[in-house]
Amino acid sequence: MKKLLFSKIKESLISVLPVTLIVIILNFTPLIDLGVREILIFSVSALFLILGIGFFTLGADVAMTPMGEHVGSGLTKTKKLSLLLIICFIMGLFITVAEPDLTVLAKQVGSNLIIIFVGLGVGLFLLLAILKIVFKKDLASILMYFYMVLFALALLLLSLNAENANLIPLSFDSGGVTTGPITVPFIMALGVGVATTIGGRNSSENSFGLVAMCSVGPILAVLLLSLINGGDISAPNPNDYLFSNDLASSIFLTLGKTTKDVSIALGLVVVFFFIINFIFLKLPKQKLVQVLVGTAFTYFGLIIFLTAVHVGFMPVGFIIGKELVGESRLAVTIVAFVLGLVVVLAEPAVHVLNKQVEEITNGTVSKKAMMIALSIGVGLSICLSVIRIIFGFSILCYLIPGYLISLGLSFFVPKIYTAIAFDSGGVASGPLTSTFILPFAIGVCYAMGGNILSDAFGIVAMVAMTPLITIQLLGFASISKKRVSEKLAMKRILDEEDNQIIRFL
């Protein structure tokens, strides 16, 4: 276990180092000036971030993923579909309501009502995702239908209520933050467990798509909330993103709040799992001990990670965005792209996704290829988001054509790439996006005097969208490469046959 932990910490060091170095290098340029105290807090936070990701990924491997697989396969074996659906709805609701990412977003806009609506949305769509696996329905067709509904609702909101239309970016952001570090390992493994138990020719392909489906529910729920009354949502106060003068007090308060949030989140999942195990699964004690040990690693990893990003990364993201746009709009756009390239490397759930993709596809889709596609996608998304803040146009100008392109690509690439791509979108927009990239966008918007709710928010939605295109393009490239190889092989065979005929004659 110790050797495996060191391996995970080494991986997280490689992941976090690029974004840390970029911030430190920027501090030595005329573009920004963080000060010695601020850069020291950020550097120490980065060290704790590395430890947090290391502990979390180990815990996800040892506990969260096996829990999801056991629940999925065990309940499917009972052959009671109604039981499977009821438990999946409750699990989706519990996990989401306690997801730290969602709590961060709700706190920034001052509305706890969002948490309830989003939880119901995830529970309902997790139920629909299980039905998709059981009845082996096409993911692309389902997503196309629901995204058309989402865009129709967004346009309706835009035409009916100008004030509540500012919440459209927040609605789409909620779909990204819901699939956070606790939700992703469990939900993905749940899909694998159900699909593997059901079997069939395309069980690997069928196991993906749960994260994609669960990203739709929150968007729909918050759009409906916006149509009703706006949910008493208010724009965040920029002063909340500054470094605290009393650092010790700030760390203590953040640590206490984070410990409470993570305790509730993991507590709900673990308690519900043990209830299900006691009634239905009846796993051996050895596996239950493994789950508890892994949960402990996940628990400490998440507390360390979330405390570090709140104390050190959120204020730095805001300051960089605010100061860069004052220097040069071109500079802030370029930095936004570079930050996007590297920030996805430090998202904990991305490592879980890449590992599961490589295992399930037997190496057909490698971790390296996935990471390159995700990095390029996230880099483009943050760059495009900054351009939108500068010129102040609607997020729908990006989202409608973006999703039309991604859904259109689904007809030309292998279905497994489509499923992986739509899962990747939700996974890429994790806690670091909410606590570093979103404050960065708020800093840019604040410096330009823009509307934070309508202009800065939406960046999480962009981070969730662009990987859908880049990963499917990866699939398209793999098909093209395979076809070229097959044609060359066929040509060699025909040339060899022609040579043999010539020699015979």
Phe300 and Phe55 aromatic centres sub-6.0 Å: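 Aromatic pair excluded; centres sit 6.0 Å or further apart.
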
Mutual orientation of the aromatic rings belonging to Phe125 and Phe146 [parallel < 30°, tilted 30-60°, perpendicular > 60°]: perpendicular

Ring geometry between Phe313 and Phe436 (parallel below 30°, tilted from 30 to 60°, perpendicular above 60°):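 It falls in the perpendicular class, over 60°.
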
Steps toward side-chain contact (heavy atoms from CB on, under 4.5 Å) verdict (Cys214, Ile187): CA-CA 9 Å; Cys214 290; Ile187 286 181; 3.9 Å; yes

For [X] versus [Y], what's the shortest heavy-atom pair and its separation?
X	Y	value
Gly294	Val62	CA-CG1, 3.7 Å
His310	Pro315	O-CD, 3.6 Å
Leu75	Leu281	N-CD2, 4.2 Å
Leu374	Ala428	CD2-CB, 4.2 Å
Tyr398	Ser385	CE1-N, 4.4 Å
Leu407	Ala140	CD2-O, 4.1 Å

Pairwise distance CG(Leu438) to OH(Tyr241) - rounded to 0.5 angstrom: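 Result: 5.5 Å between the selected atoms.
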
Rounded distance (nearest 0.5 Å) linking atom CG of Leu139 with atom CG of Asp423: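 So the CG of Leu139 and the CG of Asp423 are separated by 7.5 Å.
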
Under 3.5 Å side-chain donor-acceptor pair for Gln472 and Thr418: yes

Under 3.5 Å, is there a donor-acceptor pair between the side chain of [X] and the main chain of [Y]?
X	Y	result
Lys282	Phe278	yes
Thr76	Gly72	yes
Ser12	Ile50	yes
Thr96	Leu93	no
Thr57	Gly54	yes
Asp173	Phe457	no
Thr470	Ala373	yes
Thr65	Ala60	yes

Check against side-chain contact (heavy atoms from CB on, under 4.5 Å), Leu210 and Ile130: CA-CA 8 Å; Leu210 267 76; Ile130 296 297; 4.1 Å; yes

Is the closest side-chain heavy-atom distance between [X] and [Y] below 4.5 Å?
X	Y	result
Ser226	Ile168	no
Asp138	Lys415	yes
Leu58	Leu4	yes
Leu409	Ile405	yes
Val350	Met371	yes
Met67	Val269	yes
Leu167	Val222	no
Leu84	Cys88	yes

Other residues, nucleotides, ligands: >12 heavy atoms within 6.0 Å of Phe476 CZ: no

CZ/Phe337: more than 12 non-hydrogen atoms of other groups inside 6.0 Å: yes

Derivation of the ring pair (Phe, Tyr, Trp, His ring centres under 6.0 Å) call for Phe440 and Phe318: CA-CA 4 Å; Phe440 170 80; Phe318 177 79; over 10 Å; no

Residue pair Thr259, Tyr299: steps toward the side chain to side chain donor-acceptor pair (under 3.5 Å) verdict: CA-CA 9 Å; Thr259 302; Tyr299 179 75; 5.2 Å; no

Test side-chain contact (heavy atoms from CB on, under 4.5 Å) applied to Ile471 and Phe422, step by step: CA-CA 9 Å; Ile471 288 177; Phe422 276 88; over 6 Å; no

side-chain contact (heavy atoms from CB on, under 4.5 Å) evaluation trace for Thr178 with Leu105: CA-CA 10 Å; Thr178 321; Leu105 184 71; over 6 Å; no

Criterion side chain to side chain contact (heavy atoms under 4.5 Å, CB included) against Leu268, the qualifying member of Ile264, Val270, Leu266: Ile264

Residues which pass ring-ring contact (aromatic ring centres under 6.0 Å, His included) with Phe280, listed by chain and number, not counting sequence neighbours: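 Phe280 satisfies ring-ring contact (aromatic ring centres under 6.0 Å, His included) with no other residue.
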
Worked verdict on Asp61 versus Lys8 for salt bridge (charged side-chain N to carboxylate O under 4.0 Å, His left out): CA-CA 10 Å; Asp61 287 351; Lys8 296 293 183 183; 2.6 Å; yes

Name of the residue among Phe186, Phe89, Phe272, Phe273 meeting ring-ring contact (aromatic ring centres under 6.0 Å, His included) with Phe94: Phe272

